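Please read the structure below before turning to the comments.
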Amino acid sequence: MDLLKKLEDLSKRYGEVEKLVADPDLVKDQSKYKDVMRENQYLSELMALYADYKKVLSGIEEDTRLITEEDDHDMKELAREELKELEEKKPVLEETIKLKLIPPDPLDEKNIILEIRSAAGGDEASLFVRDLWEMYSHLAERKGWKTETMEAQETEVGGFNKIVTSISGKFVYGTLRWESGVHRVQRVPATESQGRLQTSTATVAVLPEADETEIVIKPEDVRVDVMRAGGPGGQCVNTTDSAVRLTHIPTGLVVIQQDEKSQHKNKAKAFQILRARLFDLEESKKQAERSSARKSMVGSGSRSEKIRTYNYPQDRITDHRINFTVHNLPGFMMGNMDSMLDALNVYAKEEQLKDVSELGSGE
């Protein structure tokens, strides 16, 4: 596609968006207002680059004409010097524009529901779930994010079969969106008397939280069952009908919440999780449609996809999607994982950039 044509199309869209911004009725719909203002900010920055690009192209055209047609020797020399500068500036500006043509994903600013479950490995897998949960908790603390445990299924050895946490703050989903998948650990378990290496796995799901306006759940689509909470817990938890099970009839999704003593609080948390899962379902369908032509370099985010190995004997963590390895495993498990997260986001941007890499100047 022609780069200038793409920019001209976006210029027309910018005009439409500016009219929307000027509409006094826009603020009445807060969801639409946020979307329009975000798009307006993005397009205004892109239009500033477009204006610079047009100046460069115009300057190249004018200097080329002067060199060809001008009789004055000094004027020709000035034109040649300026032409050299502009021809050096042009490809740099084109690359900047191509990067900017990748629009910001509004999901990146969302809070998340983080679900970590044990998979293969029994007790050792449940301990690995705890390790992963603590790793993300340390990261959240470093970044000033707020965490709240929504559900925790503890095991007798001190691990978790499953733990669900809400994480809120700045750019949470944008930071952790590529963490979904199967995480594998290779180490000698504390319970292993023979010192044998064991491989265990856990699954991580990162679900962007959905506002009530984004996912509307019809009352008739949900069956709500209340029951007595099971498993470890205080006396009150186990002797009152405080646990809540939601069954979303159209999709078959089931959410059980029993951590709170209050049935009302459990129901609210259950709906929060259900809304996030339904939102994730919708986004997954959209992503499948968008990615039909090209699979992302950082993978599909499928729960069944093995994405990373934590090898304790060799003190290394390897992400298999981008073939990226870091060492200092103890530090990584304390939440010092920025180099890995940054590498994943860079690869994702590079993959998106392929969609605009064929754009030329249109000359």
Side-chain angles (χ1 to χ4, degrees), residues 1-23 26 33-109 171 174-175 290-298 322 324 338-339 341-363:
M1 185 187 289
D2 188 295
L3 182 59
L4 282 173
K5 175 67 167 56
K6 177 71 174 176
L7 290 169
E8 186 55 37
D9 289 344
L10 288 171
S11 178
K12 291 174 184 175
R13 174 59 186 164
Y14 183 48
E16 295 170 0
V17 171
E18 284 192 309
K19 289 179 182 178
L20 290 173
V21 170
D23 185 351
L26 180 64
Y33 173 77
K34 289 179 183 177
D35 290 341
V36 169
M37 295 307 292
R38 187 187 295 114
E39 187 179 7
N40 184 63
Q41 175 67 26
Y42 165 67
L43 289 174
S44 65
E45 293 170 3
L46 194 53
M47 288 305 103
L49 289 170
Y50 182 28
D52 288 345
Y53 189 51
K54 285 194 289 187
K55 285 180 184 177
V56 168
L57 294 180
S58 177
I60 289 174
E61 185 180 353
E62 177 61 16
D63 288 336
T64 302
R65 186 191 65 78
L66 287 172
I67 292 168
T68 305
E69 300 176 5
E70 182 61 51
D71 294 328
D72 189 305
H73 177 73
D74 291 337
M75 285 287 287
K76 280 192 173 186
E77 283 304 307
L78 284 172
R80 284 193 181 95
E81 288 178 14
E82 186 179 75
L83 180 62
K84 185 173 181 291
E85 291 177 5
L86 291 174
E87 285 180 336
E88 289 174 354
K89 185 178 180 181
K90 181 188 167 197
V92 175
L93 191 52
E94 284 176 346
E95 287 305 307
T96 302
I97 290 171
K98 287 173 186 177
L99 279 172
K100 193 67 181 176
L101 283 172
I102 303 170
D105 190 335
L107 293 183
D108 286 345
E109 295 293 337
F171 208 69
T175 303
R290 289 193 293 260
S291 303
S292 58
R294 178 187 292 134
K295 186 178 179 182
S296 170
M297 287 176 73
V298 293
I322 58 175
F324 186 84
D338 297 85
S339 60
L341 297 173
D342 289 345
L344 285 162
N345 278 301
V346 166
Y347 268 82
K349 283 286 186 186
E350 289 177 349
E351 178 66 10
Q352 286 177 288
L353 189 57
K354 288 182 180 180
D355 290 330
V356 293
S357 64
E358 300 302 319
L359 296 175
S361 65
E363 292 183 302

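Predicted, not measured: the structure shown is a model, and the values here were computed from it.
- One distance of note links CG of D63 with NZ of K76; it measures 13.0 Å at 0.5 Å rounding.
- Residues L20 and L26 come closest through the heavy atom pair O-CD2, 3.5 Å.
- Taking every heavy atom of both residues into account, V17 and V36 meet most closely at CG1-O, 3.9 Å.
- A salt bridge between R13 and E16 is present, with a side-chain N of the basic residue lying under 4.0 Å from a carboxylate O of the acidic one.
- Scanning both residues, L57 and K90, for their nearest heavy atoms gives CD2-CE, 3.9 Å.
- When all heavy atoms of A79 and L66 are compared, the pair lying nearest together is CB-CB, 4.0 Å.
- S58 places no side-chain N or O within donor-acceptor distance of the main-chain N or O of K54, the cut-off being under 3.5 Å.
- Ion pair E94/K98 not flagged as a salt bridge, since none of the NZ, NE, NH1 or NH2 atoms sits closer than 4.0 Å to an Asp/Glu carboxylate oxygen.
- When atom types are taken as modelled, the side chain of S44 and the backbone of N40 share a donor-acceptor pair closer than 3.5 angstrom.
- Salt-bridge check for R38 with D35: passed, with a basic side-chain N closer than 4.0 Å to an acidic carboxylate O.
- With D23 contributing its side chain and K19 its backbone, the two residues share no donor-acceptor pair below 3.5 Å.
- Across all non-hydrogen atoms, the minimal contact from L86 to V56 is O-CG1, 3.8 Å.
- Counting only heavy atoms from C-beta outward, the side chains of K100 and Y42 approach each other to under 4.5 Å.
- Other residues, nucleotides and ligands contribute at most 12 non-hydrogen atoms within 6.0 Å of the OH atom of Y33.
- Across all their heavy atoms, Y50 and S11 have their closest contact at CE2-CB, 4.0 Å.
- Side-chain contact check for Y53 versus L4: some heavy-atom pair is nearer than 4.5 Å.
- Electrostatic pairing of E62 and R65 counts as a salt bridge here, judged by a charged N lying under 4.0 Å from a carboxylate O.
- Atom CD in E39 sits 9.0 Å away from atom CG in L10 (nearest 0.5 Å).
- To the nearest 0.5 angstrom, K349 atom NZ is 14.0 Å from L344 atom CG.
- Rounding to the nearest 0.5 Å places CD of E18 at 10.0 Å from CE of M47.
- Summarising the geometry, atom OG1 belonging to T175 is positioned 8.5 Å from atom CG belonging to D338; distances are rounded to the nearest 0.5 Å.
- In this structure, E82 has no side chain to side chain donor-acceptor pair (under 3.5 Å) partners at least two apart in sequence or on a different chain.
- At a threshold of 4.5 Å between non-hydrogen side-chain atoms, the residues L101 and L3 count as touching.
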